[in-house]
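Below is one structure, written out as structure tokens; comments come after it.
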Amino acid sequence: MTVLDTRPVQPGSSSAAALVRRIATARETGILIALLLVIVAATVANPSFLFSGDGFRDLLLTPSLLLLVAIGSAIVIITRNVDLSVGSIVGLTAYLTGRMFIDIPGIPLIGVFIGGVLLGGFLGLINGALVAFARVPALVITLGTLYIYRGINVAWAGGNRINASDLPKDFRALGTDRILGIPILTIIAAVVLIAAAWYLRNLRSGRELYAIGSDPAAAHLYGLRVTRRVIGAFVVSGALAGLAGVLYAARYGTVSSAAGFGWELQAIGAAVIGGVAISGGVGTVWGAAIGAFLLLTINRALPILGIDDFWQRAVVGALIIGSIVLDRVLAVRQHRRLIAQREVDR
Amino acid sequence: MFGLQRKGRLALAAATLAVGAFALAGCSGSSGGTASEGGDSGDANLSITMLPKNLGNPYFDTSTGGAEEATDEFGGTFEEVGPSEASPTSQVQYIQTAAQQGAGGLIVSANDPEAICDALNEARDAGVKVVTFDSDTNADCRDLFINQATAEGIAKIQVDLIAEQIGDAGQIAILSASANATNQNAWIEMMEELLASDHPDIELVETVYGDDDDQTSFDKTAALLQTYPELKGIISPTTVGISAAARYLSTSEYKGKVALTGLGTPNQMREYVEDGTVTAFALWNPADLGYLAAFAAQALITGEITGEEGDSFEAGKLGSFEVGADATVLLGDPYVFDAENIGDFDF
Amino acid sequence: MTAATASSNGRVAPARVYKLHARPAWRRFLLTREAAIIALLILVIAIASVTVRNFDSPLTVTYLLRDVAPILLIALPMTLIIITEEIDLSVASIVGLSSVTTGILTNAGWPFVAAALTAIFVGVLCGVVNGFLVTVVGLPSLAVTIGTLALFRGIAVGLLGTTAITDFPEFWTDIAKANIPGTPIPVIMIPFAILAIIFAVLLHFTPFGRSLYAIGLNKEAAQFSGIDVGRTKFILFVLSGAVSGFAGVYFTLLYSNARGDNAMGMELQVIAAVLLGGVSIFGGRGALHGVIAGVLLIGTLGSALRLAGVTSDIINVITGVLLILSVVSASFLAWLQARRSAAVGKKKGRAGTSPDGS
């Protein structure tokens, strides 16, 4: 039924203005501003934070590993699950990388990358299968696999560690070289980020992840292949953690069995700060990426600002709590607005 | 009837798993038992347990090798255990296990002078002889301490090296191991005294702690160089710290401009001496240290010495050693490695 | 499950049977998950005593109970929290913060008892923060406690850095390590036993405890039936904080060591043990004796394997496998049960529609 729309045109309701408003109020913009503020404050205190060659390189380089893991975590959290085993997957694949170089001399770099990603994906598949088929909360499953994978890692490594001298020079160069001034690792992370963001926004299977996270029962009734998508999300999370493990070996050179320890909480924190709601269905990987940058930049900036960097964790905790409170306030406000709208439209 | 099957199945499955685990463990347990029966001289219990600060540290791998060689020489059995991270409380469990297993001697490098004291004393009450090496505990919780060199000697040589490399003036920083480590803290204290008295133009701006973890030491070096743009030198009195710092420095723009010295192993540092990141550093032979510690433990177990000052014992190929004050045995002096002699060593 | 009171010919009104009490008492008590875990624990102890050298020495019991005491203590309130379908991941950070508080105050010259009480109070405060965010602000407890895990740990590490305070009055450290005279059982088991009895009574024999099960099974129904869900959960988080604070004081005395990263990772061990002990992660089901057996099982396995020379990593692997097996098997059994009752229902349905059929 067509009805003439006789409502007067509101100022600022054109699509361009709507776009600007959406960007301005987006959560991602908020944390991006926070990140820039931190960088500015640190640079004012000590210009070499940003302007020295090393400073700029490290600023971009260090977060790129966490960024990969945070993207994977964000994808899993969007489906209303959580993956606590990513830290152990990073450790295991980093050790595998070293072992591949030692045990298979002359292996091409691409082979090592494929091996790491495959192992990570396989470990993620185990997680996903257990969560999807056993109908057990992902918290519990990934808690168990966190122990198991870390235990396998330590048992395999024993007391040994991979030393920098065991890795070929061109592999380690990946960890420090730059193209056009931007570190290679950052470029890899940025490519993955763009691919993930595009997938979640534009491909149907990506959009379905949001549906599953918003309301799993409705998604199931609607006919979405929930099991397949959830397993896929865990496989992606594992594969990205695997890639991060390979790059860890390239960046740090030395891999002990404690590599990646504690990364899962950092990644979840980065995602939550970046606007990915823990109850699923909301958030973007851009937010998670900026969240990862923010966390690690704070880590570097604190000593420059004269605060002991031991306080970094407390700052991260406060940020996480602040983010989820903000999420809740916004959700309540949205809920009220929708109810009011329903009354108006009636 | 049906319910019995279901619950029973769960218990049965879990029990099978546990039985399987124990079958494996039982086999290794009993084979461990027979191994310790053979090869001991007389009726002394010559089973030696080695507990370094943490596993996976090349310095301790070398000292463990030395101790194992010594144990083979005097016919004992050897076992190395340890935590994966160098924290004070993580060693306690292993000390307790050694006490329970009735080890003859426990050789320990302590992460904290006080935290493991109670556990060590309980082990000594259970008949285990406790020898500390490399990093001491309080003197009343161990029977002997094998010191690689005097604290003054170790501190002096590092201060002298850095002073030489930066022209005796400028800012320096220290990258240490864990914040409670007895040995590093003793050396740092000496270094601060030496700097105050002999090198007034050198300013120690900060001491950071890498926790003997490679990634942490790497990141802390990066942070140091960022925070203090005027930094001229870094001293790292820990082999993990100096190798991580060297690795960071060699890819940084500060290579060659910021001097790096400290205690490092030749194998880890060779690459960085050759590419110019590091000019010279110092150490002793950790294999000799472990060797001596094992022989000291054996001497205590067989009753050859009791740890009193003036006692002397034989330590295989190293000769005879005498116990000094505070139940301490000194290995020797630190040694300087540089581009000329680094090719001669393999540890 | 109804039983007809007459023989098969003619329809009689089925007698009222209470499903929970339909089976004989021995079945009710022995065929539960908790009993399975207890049986497993006894089995493990028996096998270990036989195959592992030195396992049967009294030192084993002493070391085991001393080391596992903090986990035992924290598992008590954690059980209650998980029964109401919430979770508290910040317990280990509260232990760390309370440990740091004890250390700093003792170092500043406070008498130890005052320092310890303040540390427990700090734990209570942390519990209040958790409870406030979960009940008043209405946030999911998983997210809140991940945040407070980082926040409290961060405050603990920020206050002390990585230095450790290791100087504590010998009187208290000796008590923490002493055994009950004449037995190899450590003294800490006395406060634990008292707390365990209090929690058991609270959970199984008071209306408050019954309300926890109701909340876990269906929060809305519980709310409508008059239970103050918000206040109940708030109390639980405060209890958890208080017990974690106490565990922190004990941990500090046990190792004579107050450090910012004490007990890191302990929350996962507690949760693994609680889930292993038969408490359902979905809430509404669980009992304390199973949880205590679960904690002791993990502790005993760890102790026995360590004595047998197996590295501690295998212990972690086994813990993880046991955890996954226990929750997956719970799901599997529930699925089996649903299939069975569906089949039975189908059979009954067929029998109902065609009385002279099969």
Side-chain angles (χ1 to χ4, degrees), chain A residues 77 82 84-85 88 126 130 133-137 139-159 257 261-262 265-266 268-269 272-273 277-279 295 307-325 327-329 331-332, chain C residues 87 89-90 93 129 133 137-140 142-163 260-261 264-265 267-269 271-272 275-276 281-282 310-332 334-335:
Chain A
I77 295 178
V82 72
L84 289 179
S85 61
S88 310
I126 297 177
L130 285 172
F133 291 123
R135 308 270 155 104
V136 181
L139 175 71
V140 179
I141 293 287
T142 53
L143 181 62
T145 51
L146 177 151
Y147 273 126
I148 295 178
Y149 296 160
R150 181 63 66 185
I152 294 177
N153 187 4
V154 180
W156 187 17
S257 55
F261 186 79
L265 287 177
Q266 298 254 24
I268 294 176
V272 167
I273 291 175
I278 202 92
S279 48
L295 284 191
I307 306 174
D308 222 344
D309 72 341
F310 292 128
W311 288 100
Q312 187 248 358
R313 267 223 198 94
V315 171
V316 169
L319 279 178
I320 294 179
I321 294 180
S323 310
I324 50 181
V325 170
D327 275 340
R328 171 87 179 144
V329 165
V332 165
Chain C
I87 198 158
L89 287 175
S90 63
S93 306
V129 168
L133 287 171
V137 182
L139 301 172
L142 178 64
V144 166
T145 52
I146 285 183
T148 51
L149 176 151
L151 179 65
F152 299 151
R153 179 67 69 188
I155 296 177
V157 174
L159 285 175
L160 262 193
T162 49
T163 47
D261 49 5
M264 189 120 98
E267 67 274 343
L268 301 179
Q269 292 177 295
I271 293 175
L275 291 176
L276 193 58
I281 189 72
F282 296 108
V310 176
T311 51
S312 56
D313 343 296
I314 309 286
I315 298 170
N316 280 343
V317 175
I318 293 182
T319 307
V321 169
L322 276 178
L323 174 64
I324 292 186
L325 271 186
S326 78
V327 288
V328 169
S329 68
S331 269
F332 182 65
W335 176 77

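Naming: A, B, ... by sequence-line order, numbering from 1 per chain. Quick note: numbers below take in every heavy atom, side chains included, and nothing from hydrogens, waters or symmetry partners.
- Counting only heavy atoms from C-beta outward, the side chains of C/Ile324 and A/Ile148 approach each other to under 4.5 Å.
- Checking side-chain atoms of A/Arg328 against main-chain N and O of C/Val137 turns up a donor-acceptor pair under 3.5 Å.
- Looking at every heavy atom in both residues, C/Leu323 comes nearest to A/Val140 through CD2-O, 3.9 Å.
- Of the listed residues A/Gly262, A/Ala314, A/Ala331, A/Ala134, the one with more heavy-atom pairs under 4.5 angstrom with chain C than any other is A/Ala314.
- Both the backbone and the side chain of C/Leu268 come within contact range of chain A, judged by heavy atoms closer than 4.5 Å.
- Heavy-atom distances place both the backbone and the side chain of C/Ile155 under 4.5 Å from chain A.
- Contact annotation for A/Ile320: only side-chain heavy atoms (C-beta onward) come within less than 4.5 Å of a heavy atom of chain C.
- For A/Ser279, no part sits under 4.5 Å from any heavy atom of chain C, backbone or side chain.
- Of the two parts of C/Glu267, neither the backbone nor the side chain holds a non-hydrogen atom closer than 4.5 Å to a non-hydrogen atom of chain A.
- The contact between A/Val325 and chain C is made by backbone and side chain atoms together, counting heavy-atom distances below 4.5 Å.
- Considering CD1 of A/Ile321 and OG1 of C/Thr145, their distance stands at 9.5 Å, rounded to 0.5 Å.
- Contacts of A/Ile141 with chain C are made by both backbone and side-chain atoms, with heavy-atom separations under 4.5 Å.
- To the nearest 0.5 angstrom, C/Leu275 atom CG is 8.5 Å from A/Leu139 atom CG.
- Listed by chain and residue number, A/Tyr147, C/Ala272, C/Ile298, C/Ile315 satisfy the side chain to side chain contact (heavy atoms under 4.5 Å, CB included) test with C/Thr319 (two or more places apart in sequence, or in another chain).
- In this structure, the separation between CG on C/Leu139 and CD1 on A/Ile278 is 11.0 Å, given to the nearest 0.5 Å.
- Looking only at side-chain heavy atoms (C-beta outward), A/Leu143 and C/Ile271 come within less than 4.5 Å of each other.
- If you measure heavy-atom distances from A/Leu319 to chain C, you find no contacts under 4.5 Å at all.
- In terms of the side chain to side chain contact (heavy atoms under 4.5 Å, CB included) criterion, residue partners of C/Phe282 (sequence neighbours excluded) are, by chain and number, A/Pro137, C/Ser280.
- No part of C/Leu160 comes within reach of chain A, as not one of its non-hydrogen atoms sits under 4.5 angstrom from that chain.
- With chain C as partner, the option from A/Gly269, A/Ala318, A/Gly144 having the largest number of non-hydrogen pairs under 4.5 angstrom is A/Gly144.
- The most heavy-atom pairs under 4.5 Å with chain A, out of C/Leu151, C/Leu149, C/Leu89, come from C/Leu151.
- For the set C/Gly154, C/Ala156, C/Ala330, C/Gly260, the count of heavy-atom pairs under 4.5 angstrom toward chain A peaks at C/Gly154.
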